[in-house]
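Heavy-atom basis, side chains included; hydrogens, waters and symmetry copies ignored. Counting convention: from 1, in listed order, for ligands and their atoms alike.
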Amino acid sequence: MVVARRWIQCKPFQGAATLECFQLIEEELPGLKNDEILIEALYLSVDPYMRVYPIQVDKTPIALQVARVKESKNAAYPVGKLVLAMVGWRDKTVLHPDQFNPYYVPRFAPEKTISELPDLGDFPSSLYLGILGMPGLSGYFGLLRQCRPKKGDVVLISSAASAVGSVAGQIAKLKGCTVIGSAGSQKKIDWLKSLGFDYVFNYKETTLDEALQTFAPDGIDCYFDNVGGSYSQTALNALKPRGRMCCCGYISAYDTLNHQLDSMKDDLLLKIMVNELSVSGLMVLSFEDEFQEALSEMAQWIKENKLKYKETIFEGFTKMPEALLEIFQGTAVGKLIVKA
Ligand SMILES: NC(=O)C1=CN([C@@H]2O[C@H](COP(=O)(O)OP(=O)(O)OC[C@H]3O[C@@H](n4cnc5c(N)ncnc54)[C@H](OP(=O)(O)O)[C@@H]3O)[C@@H](O)[C@H]2O)C=CC1
Ligand SMILES: CCCCCC(=O)/C=C/[C@H]1[C@H](O)CC(=O)[C@@H]1CCCCCCC(=O)O
């Protein structure tokens, strides 16, 4: 008999998420039918979108995990194989590998529950949830395709020490740009300096207006937006004519919402029109056909020590809610992962 643990969301969010919104339950798993596998989580990803994914009360919150096949009745998935599995906050799961993703959202989340780890050489498997996974790819495509940085451009990155922002900023440096990054603690500021960011500031101590007067008095060419809100309104005002903005995320709102994202005010559009700005939204999955190529390029940069990363790993599956709340407290540096 195999007993699995999984988290459920037992209460709806009302304002900021709290630990009381989550409950850990245990359940007996069924035996394997033909072609099914039992997987065990090694690492679970903790991402900002988990806070706004429309989950019903008493259901298991969304999360991608790196898992190992523990038992198998499917020759394509032998015991010991590692997979990426979109099965939510569970430590053990019985499933058919072809099963449709229970968290599927058109354009946002993939159709498949299980996918192979990319074939990139010898990297710790947790990296496939971070720099060599969805967050790293978001930084890569958002920066290269939406911001389209040119040598000498001034690039601003909000949440610069995040999993996405730290990749976007480092690639902007690789492309010969002057990079300004903001983050909310001295520890993150120090890390960003060590990554080669030209100018960094703590947005909790210095306003973006003040920082731009000092670091970019003539304006910015690109803005990689992870936060939205008034910060991004200021950044948009600082874009030079023909500037480019990648609207990647709106984290300043996520932990204030009771349900999913409310309609956002879009008074930015007039500015975009008048200044002929290119502003592009990003759903990283749209670049799925190019993931392998992008990951190979980033893996090479990691091997050459040109692209660096940090992880904060919470020990133990019971830490899932604390890890999620940590995103919005913002103390930990680097990609948040739970080691099951
Ligand atoms: N469009 C797409 O396809 C994708 C978009 N994203 C988006 O990218 C952004 C970053 O994601 P990811 O790198 O995984 O995040 P991380 O979990 O690595 O980092 C999140 C950071 O955001 C900052 N933050 C938290 N709350 C607030 C707040 N209220 N106001 C301002 N900053 C806050 C904190 O850093 P600090 O305050 O210290 O700066 C926190 O550490 C998110 O907005 C996410 O939704 C991510 C993946 C795909
Ligand atoms: C709607 C907020 C999303 C903000 C951007 C972001 O972080 C996107 C991440 C996606 C990633 O590609 C993998 C996912 O599953 C994420 C999207 C899941 C959010 C779906 C919300 C849909 C809805 O509001 O109806």
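For the pairing with F141, the side-chain contact (heavy atoms from CB on, under 4.5 Å) check across L137, L143, L144 returns one residue only, L137.
Summary of contacts: the protein heavy atom closest to atom 16 (P) of ligand 1 is S162 CB, 3.8 Å. Looking only at heavy atoms of the protein, atom 33 (C) of ligand 1 is closest to I251 CG2, 3.6 Å. Nearest protein heavy-atom contact of atom 46 (C) of ligand 1 is V164 CG2, 3.7 Å. Residue, atom and distance of the protein heavy atom nearest to atom 43 (O) of ligand 1 are N226 O, 2.9 Å. Protein heavy atom in closest approach to atom 28 (C) of ligand 1: S252 CA, 3.7 Å. Of the protein's non-hydrogen atoms, the one nearest atom 3 (O) of ligand 1 is V284 N, 3.0 Å. Among all non-hydrogen protein atoms, the one lying nearest atom 41 (O) of ligand 1 is K188 NZ, 3.0 Å. With hydrogens left out, the protein atom closest to atom 14 (O) of ligand 1 is P48 CD, 3.4 Å, a heavy atom.
A donor-acceptor pair shorter than 3.5 Å cannot be found between the side chains of T113 and N101. Side-chain contact of D209 with T207: a donor-acceptor pair under 3.5 Å is absent, judged by distance alone.
Near A109, meaning under 4.0 Å from one of its heavy atoms, ligand 2 places the atoms 15 (O). Under a 4.0 Å criterion applied to the non-hydrogen atoms of A183, ligand 1 contributes the atoms 38 (O), 39 (O). The distance from ligand 2 to the heavy atoms of V52 drops below 4.0 Å at these ligand atoms: 2 (C).
Under a 3.5 Å cut-off, the side chain of K188 and the backbone N or O of L192 do not form any donor-acceptor pair. Within the 3.5 Å criterion, the main-chain N or O of E322 finds no donor-acceptor partner in the side chain of E326. Not a single donor-acceptor pair under 3.5 Å links the side chain of D190 to the backbone N or O of K187.
At least one heavy atom of C248 sits closer than 4.0 Å to an atom of ligand 1. At least one heavy atom of Y250 sits closer than 4.0 Å to an atom of ligand 1. Residue L285 places every heavy atom at 4.0 Å or more from ligand 2. Y203 counts as a contact of ligand 1, since one of its heavy atoms falls under 4.0 Å from the ligand. The shell of residues lying under 4.0 angstrom from ligand 1, judged by heavy atoms, includes Y254. Put simply, part of I327 is less than 4.0 Å from ligand 1, judged by heavy atoms. Under a 4.0 Å heavy-atom criterion, M283 is in contact with ligand 1.
In this structure, F22 and W7 have perpendicular ring planes: the angle between them is above 60°, well past the 30° mark.
Note on F108: it clusters hydrophobically with I55, by side-chain heavy-atom contacts below 4.5 Å among ILVMFWY residues. Residues V154 and V279 fall within the same hydrophobic cluster, defined by Ile, Leu, Val, Met, Phe, Trp and Tyr side chains chained together at heavy-atom separations under 4.5 Å.
The heavy atom nearest to atom 26 (N) of ligand 1, out of those in F328, F224, F287, is found in F328. Distances from atom 18 (O) of ligand 1 to the heavy atoms of G133, A163, A160 show the closest one on A163. Considering each of Y250, Y49, Y254, the one bringing a non-hydrogen atom nearest atom 4 (C) of ligand 2 is Y254.
At a threshold of 4.5 Å between non-hydrogen side-chain atoms, the residues Y223 and R244 do not count as touching.
Comment: R90 does not engage E40 in a salt bridge, judged by the lack of any side-chain N to carboxylate O separation of less than 4.0 angstrom.
Taking distance alone, with nitrogen or oxygen atoms compared against 3.5 Å, L282 approaches ligand 1 more closely than that limit.
A distance below 6.0 Å separates the ring centres of Y104 and F100.
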Quick one, Y231 with S182, criterion side-chain contact (heavy atoms from CB on, under 4.5 Å). Give me CA distance, side-chain angles, the key distance, then yes/no. CA-CA 11 Å; Y231 181 109; S182 61; 2.6 Å; yes
